[in-house]
Amino acid sequence: MKLIMKDLLCITDFNKEELLYVLKTAKDFKSGKLIADTLKGKSVAMIFEKPSTRTRLSFQTAIYELGGQPINLNSNEIQLSHGETVYDTAKVLSRYVHAITLRTFDHARVVELARHATVPVINALSDFEHPCQILADLQTMEEKTGLKGIKAVFVGDGDNNVTNSFIFACAILGISLTVACPKKYAPKKQVIEKARSLGQKLLLEITDEPKLAVRDADVIYTDVWVSMGMEKQGKERKIAFKDFQLNEELMSYARRKEYIVMHCLPAHRGDEITDAVIDGAHSVVFDEAENRKHAQKAILHLLLKK
Ligand code: CP
Ligand code: NVA
């Protein structure tokens, strides 16, 4: 199977069949069943307008292991942050490299980059979506709980990039998802509408009662309360989210024996998750982090293989 898309901007760029195929490819890379030099003699430019540890390192190592050269570009070191347009950057980079990844504060920028670049563009996190993260999360869920018949619960900020991508991915795969969040930080109407349009019957519930939500959960996922770019709202958010912390008390309401706790990281320990929970027996956060590399390899391999 070859992906027909040129770019990966949103998890919704995949249909169910494609999504499962990417996950299978990531699994094969992880197990060693698949070894490829898809990027031999090729370069990938990675532009970061925001900080990154996992995305940067997982792409960098994935590109290297696929035989290619990663070029790490902090945006303040290139002309893009000194007035050069996205259009010109797209045109120029397309003459040098074989793919571009962009982490950006504004989703419209990665869309514009993809529109004008003649090489594949991958969204390495925008304010709207974080598709590469969710691929690694789905891979982790498949390993630990399977993807069929499970109930996933997201506790925390219902209106950020990771939550949006998780909502869409669950909708594409028909996974039942409850988002437990303060009413003010619920998923946007447009996100729910988009999820509803993805083909399957939407199994999405929104609640502000995390204790009820986690009861039958197989997967309990959280993310920071203050995403990059929202720092000014930090104080207000910490107050609004205080009952949405993954702590031992909340976890005592989870009745499924084998439930897993996920976090895309970086975690703000003591805010959205306590040490006891993130370091506890149910936590799979470092498997998620590892899977970023396998998922990244799968994306690059499938987008760039001839
Ligand atoms: N999860 C994630 O994207 O981590 P980084 O911000 O460190 O890349
Ligand atoms: N929602 C977080 C994810 C970080 C990987 C952020 O955007 O900062």
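The first residue in the sequence is number 1, and the count goes up from there.
Every residue two or more places apart in sequence or in another chain that forms a ring pair (Phe, Tyr, Trp, His ring centres under 6.0 Å) with His116 is listed here: Tyr87. Not counting sequence neighbours, Lys232 has no partner by the side chain to side chain donor-acceptor pair (under 3.5 Å) test. Legend: residues meeting ring pair (Phe, Tyr, Trp, His ring centres under 6.0 Å) with Phe59, ordered by chain and number and at least two apart, are absent. By the salt bridge (charged side-chain N to carboxylate O under 4.0 Å, His left out) test, Asp271 pairs with Lys238, sequence neighbours left out. Evaluation of the ring pair (Phe, Tyr, Trp, His ring centres under 6.0 Å) rule for Tyr259 yields His282 as partners, not counting sequence neighbours. For Phe244, there are no ring pair (Phe, Tyr, Trp, His ring centres under 6.0 Å) partners at least two apart in sequence or on another chain. In this view, Glu143 and Lys30 satisfy the salt bridge (charged side-chain N to carboxylate O under 4.0 Å, His left out) rule, not counting sequence neighbours. Partners of Asp157 under the salt bridge (charged side-chain N to carboxylate O under 4.0 Å, His left out) rule, at least two apart in sequence or in another chain, are Arg237. Remark: Asp37 engages no residue in a salt bridge (charged side-chain N to carboxylate O under 4.0 Å, His left out) (not counting sequence neighbours).
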**Steps toward side chain to side chain donor-acceptor pair (under 3.5 Å) verdict (Thr140, Asn291)** = CA-CA 7 Å; Thr140 312; Asn291 284 339; 3.0 Å; yes
**Asked** His301 and Thr25: side-chain contact (heavy atoms from CB on, under 4.5 Å), yes or no, with the steps?
**Response** CA-CA 9 Å; His301 174 69; Thr25 307; 4.1 Å; yes
**Message:** Let's go through Phe14 and Met5 carefully: what are the C-alpha distance in whole Å and the side-chain angles of both, what is the deciding distance for side-chain contact (heavy atoms from CB on, under 4.5 Å) to 0.1 Å, and is it a yes or a no?
**Reply:** CA-CA 8 Å; Phe14 297 120; Met5 64 220 255; 3.5 Å; yes
**Request:** Apply side-chain contact (heavy atoms from CB on, under 4.5 Å) to Glu236 and Lys184, showing your working.
**Result:** CA-CA 11 Å; Glu236 181 191 327; Lys184 186 173 172 193; 2.7 Å; yes
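Side-chain contact between Glu248 and Met251 is absent, with no heavy-atom pair separated by less than 4.5 Å. In this structure, Ile100 and Leu73 have side chains that are not in contact, with every pair of non-hydrogen atoms separated by 4.5 Å or more. For the pair Val179/Pro187, a side-chain contact is recorded, criterion being any heavy-atom separation below 4.5 Å from C-beta on. Residues Val44 and Val97 fail the side-chain proximity criterion, which asks for heavy atoms closer than 4.5 Å. Side-chain atoms of Asp127 and Asn161, non-hydrogen and from C-beta on, never get closer than 4.5 Å to each other. Val110 is listed as a side-chain neighbour of Val121, based on a closest heavy-atom distance under 4.5 Å. Two residues are said to be in side-chain contact when any heavy atoms from C-beta on lie closer than 4.5 Å; Ile273 and Gln245 fail this criterion.
Separating the CD1 atom in Ile47 from the CG atom in Asn72 is a distance of 10.5 Å, to the nearest 0.5 Å. Here the CG-SG distance, from Leu204 to Cys170, works out to 8.5 Å after rounding to the nearest 0.5 Å. Here the CG atom belonging to Leu80 is positioned 9.0 Å from the CG atom belonging to Leu93, to the nearest 0.5 angstrom. Rounding to the nearest 0.5 angstrom, the gap separating the NZ atom in Lys144 from the CD1 atom in Ile260 is 7.5 Å. Rounding to the nearest 0.5 Å gives a distance of 11.0 Å between CG of Leu125 and OG1 of Thr101. Atom CD1 of Ile278 sits about 8.5 Å away from atom OG1 of Thr274, to the nearest 0.5 Å.
In summary, Asp218 and Lys151 do not engage in a salt bridge, as defined by a charged side-chain N under 4.0 Å from a carboxylate O.
The aromatic rings of His107 and Phe128 stand perpendicular to each other, their planes meeting at an angle above 60°, with 30° marking the opposite boundary. Taking the six-membered ring where the residue is Trp, Tyr221 and Phe154 present tilted rings, their angle falling between 30° and 60°.
Within the 3.5 Å criterion, the main-chain N or O of Met230 finds no donor-acceptor partner in the side chain of Ser227. Not one N or O on the side chain of Ser126 forms a donor-acceptor pair closer than 3.5 Å with the backbone of Asp106. Within the 3.5 Å criterion, the main-chain N or O of Asp279 finds no donor-acceptor partner in the side chain of Ser283. A distance-only check finds a donor-acceptor pair linking the side chain of Ser31 to the backbone of Asp28 [under 3.5 Å].
Looking at every heavy atom in both residues, Thr85 comes nearest to Thr89 through O-OG1, 2.7 Å. Considering every non-hydrogen atom in both Met46 and Pro70, the closest pair reads CE-CB, 4.3 Å. Considering all non-hydrogen atoms of both residues, Leu138 and Ala169 come closest at CD1-CB, 4.0 Å. Taking every heavy atom of both residues into account, Gln139 and Leu23 meet most closely at N-CD2, 3.8 Å. Minimum heavy-atom separation, Gly156 to Pro182: O-CD, 3.8 Å. Here the closest heavy-atom approach between residue Pro131 and residue Cys10 is recorded as CB-C, 3.9 Å.
Glu272 and Thr222 are not linked by any side-chain donor-acceptor pair at a separation below 3.5 angstrom, with hydrogens and angles left out of the test. A donor and an acceptor atom, one from each side chain of Asn123 and Arg109, are nowhere located under 3.5 Å apart. Ser165 and Glu129 form a side-chain donor-acceptor contact under 3.5 Å, judged by distance and modelled atom types alone. No side-chain N or O of Glu49 forms a donor-acceptor pair with one of Ser75 less than 3.5 Å apart. Side chains of Asp223 and Asn160: a donor-acceptor N/O pair is present below 3.5 angstrom, by distance only.
Screening residues 6-21 for side chain to side chain donor-acceptor pair (under 3.5 Å) gives Thr12-Lys194 as the qualifying pairs, with residues at least two apart or on separate chains.
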Please tabulate, for side-chain N and O atoms in residues 292-300, each donor-acceptor pair with protein atoms closer than 3.5 Å (sequence neighbours left out).
unit_1, atom_1, unit_2, atom_2, d
Arg292, NH1, Thr55, OG1, 3.3
Arg292, NH1, Gln133, OE1, 2.9
Arg292, NH2, Thr55, OG1, 3.0
Lys293, NZ, Glu65, OE2, 2.8
His294, NE2, Glu290, OE2, 2.8
Gln296, NE2, Ser58, OG, 2.6
Lys297, NZ, Glu65, OE1, 2.7

If you look only at distance, which donor and acceptor atoms sit under 3.5 Å apart when one is on a side chain in residues 209-216 and the other is two or more places apart or in another chain?
unit_1, atom_1, unit_2, atom_2, d
Asp216, OD1, Arg255, NH2, 2.9

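Remark: Lys42 NZ is packed, more than 12 non-hydrogen atoms of other residues, nucleotides or ligands lying under 6.0 Å away. In the displayed structure, Glu231 atom CD is contacted under 6.0 Å by more than 12 heavy atoms of other residues, nucleotides or ligands.
With ring centers used as reference points, His130 lies 6.0 Å or more from Phe166.
Ile192 pairs with exactly one of Arg196, Gln190, Lys188, Lys189 by the side-chain contact (heavy atoms from CB on, under 4.5 Å) rule, that one being Arg196.
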